[in-house]
Amino acid sequence: MNREPQVFGRVLSSMCTKPHPEAREAAQRFLADNPGDPTTYPAVAELERKAVETLGEITGLADPEGYVASGGTEANLQAVRAARNLSDSADPNVVAPESAHFSFQKAADVLDVDLRLAPVDDDRRADPAAVRRLADEDTALVVGVAGTTEYGRVDPIPELAEVAQAVDALLHVDAAWGGFVLPFADWEWNFDHAPVDTMTIDPHKMGRAPIPAGGFLARDETVLDALVVDTPYLESTSQATLTGTRSGAGVAGAHAALSALWPEGYRENYDRGQANAEWLAEALDSRGYEVVEPVLPIVGAGELRVVCMPHVTREMLEEFVADLDSL
Ligand SMILES: *Cc1c(COP(=O)(O)O)cnc(C)c1O
């Protein structure tokens, strides 16, 4: 039995990556702290507040509400939950593009809301007209994806915001993977670009934080209020998170990664990842593969999908292409 952790030398399809060394160190130090009980563990609670502030800067939101979640699945579920709780429909639904992450299926199942998936356009982005056709007065939430898991596509967020407003629903942007590369690319995706209500942005994906570190952000306090339950046996009196006891490692790791890398380190990751993606797309195209143009650092070609994460070097890609040539 292999008792060693995965080395990253041949990992080309993961959305996670090698944590930043300072993030790894911080995660180890705060391993036993529980941010779910902030009055007893004030130091890690303070790190979480700072991490959320920085996530707000990254996503164009001053005074962000939110917390460091266990991952994108929890953050997406919480967005659906808040919208459901704020909706006055007896039978609320969520409308998302069919390119949305499978975590929305789980959220819809757990929360007993109807998930309606709209077809995407020829470039695999959400089609606002198709989303509008599925939305109605029972729609609690419209979802847009900023960096899809399969092809790195960025949905037209301002147009989806108009759809959400037309049916009086909230708008959620899932930037779980894309949130740390989009600040350096030319797309309208964040709180400043459109009336976005909630967002998922995961430090444990492109953010180089150790797992578990997702991000849930909200523009408005009422969203967090819609998630709060009373916590009689803790010193603090209420909790908006889905999990109770949470990993201090996730929070401290996220804080350390953000402190070390925002913005310049993330810009370098983006520049290198995007250049690698374009190089690989060209290499595959010249070998006759049907390549999907990488608008962000993900290359899709038929069955094949390569995510140009920070640990992925040009040498790794060259080896990969040489392996393909020898098949
Ligand atoms: C990875 C991902 C998720 C789910 O996040 P987990 O951290 O795996 O729970 C949600 N949405 C998108 C777009 C993702 O890439």
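Only heavy atoms go into these numbers, but all of them, side chains included; no hydrogens, no water, no symmetry mates. Along the sequence shown, the residues carry numbers beginning at 1. What you see is a predicted model; the values in this text were computed from it and never measured. Whatever order the structure lists ligands and atoms in, that order sets their numbers, starting from 1.
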> Please step through side chain to side chain donor-acceptor pair (under 3.5 Å) for the pair S103 and N76, ending with a clear verdict.
CA-CA 7 Å; S103 48; N76 285 341; 3.1 Å; yes
> If you measure from each non-hydrogen atom of D202 to ligand 1, which part falls under 4.0 Å: side chain, backbone, both or neither?
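It is the side chain that gets close, since no backbone atom is under 4.0 Å.
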> Could an N or O of ligand 1 be found under 3.5 Å from any N or O of E74, whether backbone or side chain?
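No, E74 has no N/O under 3.5 Å of an N/O on ligand 1.
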> Between T149 and H101, does any side-chain donor sit less than 3.5 Å from a side-chain acceptor?
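No, H101 and T149 have no side-chain donor paired with an acceptor closer than 3.5 Å.
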> Can you tell me if H204 uses its side chain to pair, donor with acceptor, with the backbone of A213 under 3.5 Å?
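Checking the backbone N and O of A213 against the side chain of H204, a donor-acceptor pair under 3.5 Å is found.
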> Can you tell me if CZ on R272 sees more than 12 non-hydrogen neighbours from other groups inside 6.0 Å?
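It does: R272 CZ has more than 12 such atoms within range.
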> If you take the nearest heavy atom of each of M206, M15, K205, which one is closest to atom 14 (C) of ligand 1?
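Of the listed residues, K205 has the closest heavy atom.
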> When you compare the side chains of E293 and Y151, does any donor N or O come within less than 3.5 Å of an acceptor on the partner?
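No, because no side-chain N or O of E293 sits under 3.5 Å from a partner of the opposite role on Y151.
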> Near H204, which atoms of ligand 1 are under 4.0 Å from a heavy atom of that residue?
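Atoms satisfying the 4.0 Å criterion: 7 (O).
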> Using side chain to side chain donor-acceptor pair (under 3.5 Å), reason through T139 and N93 one step at a time and then give a plain yes or no.
CA-CA 5 Å; T139 301; N93 67 68; 2.8 Å; yes
> Between E53 and K50, does a salt bridge (Lys or Arg N to Asp or Glu O under 4.0 Å) hold up when you go through it step by step?
CA-CA 5 Å; E53 277 303 316; K50 290 200 174 135; over 6 Å; no
> Quick one: look up the protein heavy atom nearest atom 6 (P) of ligand 1 and list residue, atom name and how far away it is.
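In this structure, atom 6 (P) of ligand 1 has G72 N, 3.4 Å as its nearest protein heavy atom.
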> If you measure from each non-hydrogen atom of N76 to ligand 1, which part falls under 4.0 Å: side chain, backbone, both or neither?
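Side chain only.
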> I'd like to check which ligand 1 atoms, numbered from 1 as shown, lie under 4.0 Å from a non-hydrogen atom of G71.
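The atoms of ligand 1 under 4.0 Å from a heavy atom of G71 are 7 (O), 9 (O).
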> Pull out every atom of ligand 1 sitting under 4.0 Å from any heavy atom of W177, numbered as shown with elements.
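In order of numbering, the contacting atoms are 15 (O).
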> Give me the residue, atom name and distance of the protein heavy atom closest to atom 9 (O) of ligand 1.
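Closest protein heavy atom to atom 9 (O) of ligand 1: T73 OG1, 2.6 Å.
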> Report the member of V145, V173, D174, V143 with the shortest heavy-atom distance to atom 12 (C) of ligand 1.
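Considering heavy atoms of V145, V173, D174, V143, the nearest to atom 12 (C) of ligand 1 sits in D174.
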> Flag the pair D285 and R287 as a salt bridge only when some basic side-chain nitrogen lies within less than 4.0 angstrom of an acidic carboxylate oxygen.
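Answer for the salt bridge query: no.
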> Nearest protein heavy atom to atom 4 (C) of ligand 1, by residue and atom, and its distance?
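Residue, atom and distance for the closest contact: H101 CE1, 3.3 Å.
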